[in-house]
Amino acid sequence: MSQRPDHLSHQEIGKDAIESAVKAAAVAAGEVATIVSRAVQEVAGALGAFATELYEIKDASQKAAEEQGREDPQD
């Protein structure tokens, strides 16, 4: 008695192909979501650092104006 390899139907092959495609799409979507999440974090960090710099510049400007005997640095 000879053994034949398992015969897969067209439906089974199609189901396996769809399953593989869905898994690949899920992995790709996860990778994209990770990239976008990191980008948002980096943009938020950069904007926060910029805001801190602006605050420090304003503070230094006010201190310099006070040292010159003026209250408003825009005079």
Student: Determine whether a donor-acceptor pair (N or O, by modelled atom type, separation under 3.5 Å) exists between the side chain of T34 and the backbone of G30.
Tutor: yes
Student: Restricting to side chain to side chain contact (heavy atoms under 4.5 Å, CB included), what partner residues turn up for E19, sequence neighbours left out?
Tutor: K15, D16, K23
Student: Only counting residues at least two apart or in another chain, list the ones meeting side chain to side chain contact (heavy atoms under 4.5 Å, CB included) with S20.
Tutor: none
Student: Could you state whether V32 and V40 fall into the same hydrophobic cluster, counting links through intermediate Ile, Leu, Val, Met, Phe, Trp or Tyr residues with side-chain heavy atoms under 4.5 angstrom apart?
Tutor: yes
Student: Any side chain to side chain donor-acceptor pair (under 3.5 Å) pairs touching residues 41-56, not counting sequence neighbours?
Tutor: none
